J.: 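Take this structure, written in structure tokens, and hold onto it; I'll ask about it next.
Source: prediction; values computed, not measured. This chain uses plain numbering: 1 for the first residue, then up along the sequence.
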Amino acid sequence: MTALITMKAVVFHGPGDVRVETLPVPTCGADEIRIKVDACAVCGSDLKAFLKGNPRIKTPMIMGHEFTGLIETVGAATTGFSPGERVVMATSVSCGECYYCRRGWPNLCTALAPMGFSYAGGMAEYITIPARALRNGHVIKVPPSMPALCAALAEPTSCAVNANERCGIGLGDIVVVIGSGPLGILNAWVAKQFGAAKVILSEQNAERLKRAEAFGIDVLVNSQQTDLRAVVLA
């Protein structure tokens with residue numbers, strides 16, 4: 001079989017200028033891995049970049065940071081990974097050397113380099129994960145049984161996990177989530193996993209609230225029509 005040498009990718013050139021292009025498949029260095037992408041979500045920041053631009057994106061740049069895929073190539077000097085394993089990423093790649101990284105706070109890294117901003121992103125058939133990301137623990141294996149469309153939501157779900165942890169959600173709590181967009185629904189579901197006895201989801205957009213009905217959340221409230229405070233107190 002002839003090796004694939006080109007691929008399709010979604011490339012950001014500037015506000016209102018996003019193109020599907022044919023590009024070379026990225027090379028894989030000795031200290032890198034290459035992923036065959038099978039799912040990539042669209043983040044709100046992707047839409048914002050398309051509409052308004054983003055000065056942090058080094059154009060032209062392949063978009064997408066909420067992705068998953070199967071390892072296709074493992075660099076000769078890379079250990080701990082094997083072809084065929086499914087991975088996701090913590091996609092704002094830390095430097096591992098600054099004051100904050102050395103203190104164990106890589107989210108505050110002074111030289112963060114996000115996938116899809118500084119490194120080519122996941123809206124492509126293949127993506128090469130840079131050595132810096134592997135070295136600093138940004139690549140996470142997930143069970144092979146996990147569907148790709150679910151694994152691609154690992155990054156936004158991690159935001160919901162962080163929010164629930166910071167709120168101290170626990171067994172038997174009653175939780176109110178404001179907004180039933182994708183992150184609102186994720187926060188509601190994570191709260192249930194943290195042990196919440198009841199989750200109240202409040203939304204003013206009737207269409208979004210209608211879509212939320214499919215997720216089995218305990219109480220849905222249209223706060224334009226119903227007194228949310230009264231529902232919570234009840």
J.: Please give me the minimum heavy-atom distance between Gly122 and Val37, naming the atom from each residue.
T.: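 Result for this residue pair: O-CG1, 3.4 Å.
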J.: Looking only at non-hydrogen atoms, find the nearest pair between Cys40 and Gly64 and report the distance.
T.: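 Smallest interatomic distance, heavy atoms only, reads SG-CA, 3.8 Å.
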J.: Begin with the C-alpha distance, continue with both residues' side-chain angles, and end with the deciding distance and a verdict on salt bridge (Lys or Arg N to Asp or Glu O under 4.0 Å) for Arg86 and Asp38.
T.: CA-CA 10 Å; Arg86 179 171 296 285; Asp38 53 9; 2.7 Å; yes
J.: Using side-chain heavy atoms (C-beta onward) and a distance below 4.5 Å, is Arg208 in contact with Ser180?
T.: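 They are in side-chain contact.
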J.: Determine the minimum heavy-atom distance between Thr78 and Leu134, stating which atoms define it.
T.: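 Shortest heavy-atom contact: CG2-CD1, 4.0 Å.
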J.: Going from CD1 on Ile62 to OH on Tyr126, what distance comes out if it is rounded to the nearest 0.5 angstrom?
T.: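 The OH atom of Tyr126 is 13.5 Å from CD1 of Ile62, to the nearest 0.5 Å.
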J.: Please identify each residue that fulfils salt bridge (charged side-chain N to carboxylate O under 4.0 Å, His left out) with Asp46, with sequence neighbours left out.
T.: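 Salt bridge (charged side-chain N to carboxylate O under 4.0 Å, His left out) check on Asp46 returns nothing, list empty.
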J.: Within the supplied structure, the quantity of interest is the number of heavy atoms (other residues, nucleotides, ligands) at a distance under 6.0 Å from Phe194 CZ; does it exceed 12?
T.: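 Result for CZ/Phe194: enclosed.
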J.: Can any side-chain N or O of Asn136 pair as donor or acceptor with the backbone N or O of Arg132 at less than 3.5 Å?
T.: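 Checked: pair present.
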J.: Atom CZ in Phe12, atom CZ in Phe117: separation rounded to 0.5 Å?
T.: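 Phe12 CZ to Phe117 CZ: 9.0 Å, rounded to 0.5 Å.
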J.: For the backbone of Gly29 and the side chain of Glu32, can you confirm whether one donor and one acceptor N or O come within less than 3.5 Å of each other?
T.: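 Such a contact is found between Glu32 side chain and Gly29 backbone.
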J.: Would the number of heavy atoms belonging to other residues, nucleotides or ligands and lying under 6.0 Å from CZ of Arg211 be above 12?
T.: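 No - once you tally the heavy atoms of other residues, nucleotides and ligands closer than 6.0 Å, there are 12 at most.
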J.: Do Glu85 and Pro144 have side chains that approach each other closer than 4.5 Å (heavy atoms only, starting at C-beta)?
T.: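 A side-chain contact is absent here, since even the closest heavy-atom pair is not under 4.5 Å.
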J.: So Pro114 and Arg56, do their side chains get closer than 4.5 Å, heavy atoms only?
T.: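 Yes, their side chains come closer than 4.5 Å.
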J.: Sequence neighbours excluded, which residues qualify as salt bridge (charged side-chain N to carboxylate O under 4.0 Å, His left out) partners of Lys8?
T.: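 By the salt bridge (charged side-chain N to carboxylate O under 4.0 Å, His left out) rule, Lys8 matches no residue at all.
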J.: Among residues two or more places apart or on two chains, list those pairs meeting side chain to side chain donor-acceptor pair (under 3.5 Å) that have a residue in residues 116-125.
T.: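 For residues 116-125, and leaving out neighbouring residues, there are no side chain to side chain donor-acceptor pair (under 3.5 Å) pairs at all.
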J.: Apply side chain to side chain contact (heavy atoms under 4.5 Å, CB included) to Glu213 and Leu220, showing your working.
T.: CA-CA 8 Å; Glu213 292 178 359; Leu220 300 176; 3.7 Å; yes
J.: Is it true that, when you exclude Leu171 itself, more than 12 heavy atoms of the residues, nucleotides or ligands shown sit nearer than 6.0 Å to its CG?
T.: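 Atom CG in Leu171 is not crowded, with 12 or fewer foreign heavy atoms closer than 6.0 Å.
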J.: Please check: side-chain N/O of Arg34 versus main-chain N/O of Pro26, any donor-acceptor pairing under 3.5 Å?
T.: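 A pair under 3.5 Å: yes.
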J.: What's the separation between atom OG in Ser94 and atom CG in Leu112, rounded to the nearest 0.5 Å?
T.: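 Here the rounded value is 7.0 Å.
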J.: Is there a path of hydrophobic side-chain contacts, each under 4.5 Å between heavy atoms, that joins Val219 and Leu228?
T.: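 Looking at the clustering, Leu228 is in the same group as Val219.
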J.: Describe, in one word, how the ring planes of Trp105 and Tyr100 are oriented to each other, choosing from parallel (under 30°), tilted (30 to 60°) and perpendicular (over 60°).
T.: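 Geometry flag for Tyr100 against Trp105: tilted rings.
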J.: Around atom CD1 of Ile140, are there more than 12 heavy atoms of other residues, nucleotides or ligands at under 6.0 Å?
T.: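 Atom CD1 in Ile140 is crowded, with more than 12 foreign heavy atoms closer than 6.0 Å.
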J.: Do Val221 and Val177 belong to the same hydrophobic cluster, where Ile, Leu, Val, Met, Phe, Trp and Tyr are linked whenever their side-chain heavy atoms lie under 4.5 Å apart, directly or via other members?
T.: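 Result: no, two separate clusters.
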J.: Is it true that a side-chain atom of Thr226 and a backbone atom of Ser223 form a donor plus acceptor pair closer than 3.5 Å?
T.: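 A pair under 3.5 Å: no.
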J.: So, taking the atom named CZ in Arg102 and the one named SG in Cys95, what distance separates them when rounded to the nearest 0.5 Å?
T.: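 Separation between the atoms: 8.5 Å.
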J.: Minimum heavy-atom separation for Ala188 and Ile217, please, with both atom names.
T.: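 Scanning both residues completely, I find the closest heavy atoms to be CB-CD1, 3.9 Å.
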J.: With side chain to side chain contact (heavy atoms under 4.5 Å, CB included) as the test, would you mind laying out the steps for Val25 and Ile5 before giving the verdict?
T.: CA-CA 5 Å; Val25 170; Ile5 59 173; 5.7 Å; no
J.: Measuring only between side-chain heavy atoms, which start at C-beta, is Val87 closer than 4.5 Å to Ile71?
T.: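 A side-chain contact exists here, since the closest heavy-atom pair is under 4.5 Å.
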J.: Is a side-chain donor or acceptor of Asp173 paired with a backbone partner of Ile169 at a separation under 3.5 angstrom?
T.: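 Looks like no, no N/O pair under 3.5 Å.
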J.: In terms of hydrophobic clustering (I, L, V, M, F, W, Y; side-chain heavy atoms under 4.5 Å; direct or indirect links), are Val199 and Leu186 co-clustered?
T.: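 Per the 4.5 Å side-chain linkage, Val199 and Leu186 are not co-clustered.
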J.: Is any side-chain heavy atom of Tyr99 less than 4.5 Å from a side-chain heavy atom of Thr110?
T.: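 With C-beta onward as the side chain, the pair stays apart.
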J.: What I want to find out is whether Lys192 reaches Asp218 closely enough, with some N-O distance under 4.0 Å, to be called a salt bridge.
T.: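 Counted as a salt bridge, because a side-chain N and a carboxylate O are separated by less than 4.0 Å.
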J.: Hey, are the side chains of Glu66 and Pro156 touching, using non-hydrogen atoms and a 4.5 Å cut-off?
T.: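 Result yes, sub-4.5 Å side-chain heavy-atom pair found.
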J.: Hey, any chance Ile35 and Val93 share a hydrophobic cluster, counting ILVMFWY side chains that come within less than 4.5 Å of each other, even indirectly?
T.: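 Both belong to a single hydrophobic cluster.
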J.: With a 3.5 Å distance limit and no angle check, can you tell me whether Asn164 reaches the backbone of Val161 through a side-chain donor-acceptor pair?
T.: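 Checked: no pair found.
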J.: Indicate if Val74 and Ile129 have the same hydrophobic cluster label, given that clusters are the connected sets of ILVMFWY residues with side-chain heavy-atom separations under 4.5 angstrom.
T.: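 Yes, because Val74 and Ile129 connect within a single hydrophobic cluster, where side-chain heavy atoms sit under 4.5 Å apart.
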J.: Quick check: do Ile200 and Val175 have side-chain heavy atoms less than 4.5 Å from each other?
T.: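 Heavy-atom side-chain distance check fails, nothing below 4.5 Å.
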J.: Using side chain to side chain contact (heavy atoms under 4.5 Å, CB included), reason through Ser45 and His65 one step at a time and then give a plain yes or no.
T.: CA-CA 10 Å; Ser45 63; His65 54 273; 3.3 Å; yes
J.: Verify salt bridge (Lys or Arg N to Asp or Glu O under 4.0 Å) between Arg19 and Asp17, making sure each step is shown before the conclusion.
T.: CA-CA 7 Å; Arg19 312 172 197 172; Asp17 188 2; 2.8 Å; yes
J.: With rounding to the nearest 0.5 angstrom, report the NZ to OG1 distance, Lys36 to Thr68.
T.: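 Going from NZ on Lys36 over to OG1 on Thr68, the span is 13.0 Å.
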J.: Which atoms form the tightest heavy-atom contact between Met123 and Ala41, and what is the distance?
T.: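 Minimum heavy-atom contact is CE-O, 3.8 Å.
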J.: Take atom NZ in Lys141; do more than 12 heavy atoms of anything else shown fall under 6.0 Å from it?
T.: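 Yes, because the 6.0 Å sphere around NZ of Lys141 holds more than 12 heavy atoms from other groups.
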J.: Side chain of Glu21, backbone of Leu23: donor and acceptor closer than 3.5 Å?
T.: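 No; judged by distance alone, with no hydrogens or angles, the pair does not exist.
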J.: Distance alone, cut at 3.5 Å: any donor-acceptor contact between the side chains of Thr91 and His138?
T.: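 No.
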J.: So, for Ala133 and Met89, which heavy atoms are closest and what is the spacing to 0.1 Å?
T.: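 Taking Ala133 first and Met89 second, the nearest heavy atoms are CB-CE, 3.8 Å.
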J.: Okay, side chain of Gln225, backbone of Asn222: is any donor-acceptor separation there less than 3.5 Å?
T.: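 Absent.
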J.: Ignoring hydrogens and geometry, is there a side-chain-to-backbone donor-acceptor pair from Trp189 to Phe215 under 3.5 Å?
T.: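 Judged by distance alone, yes, a pair lies under 3.5 Å.
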J.: To the closest 0.5 Å, what do you measure between CD (Glu207) and CG (Leu209)?
T.: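 So the gap between those two atoms works out to 11.0 Å.
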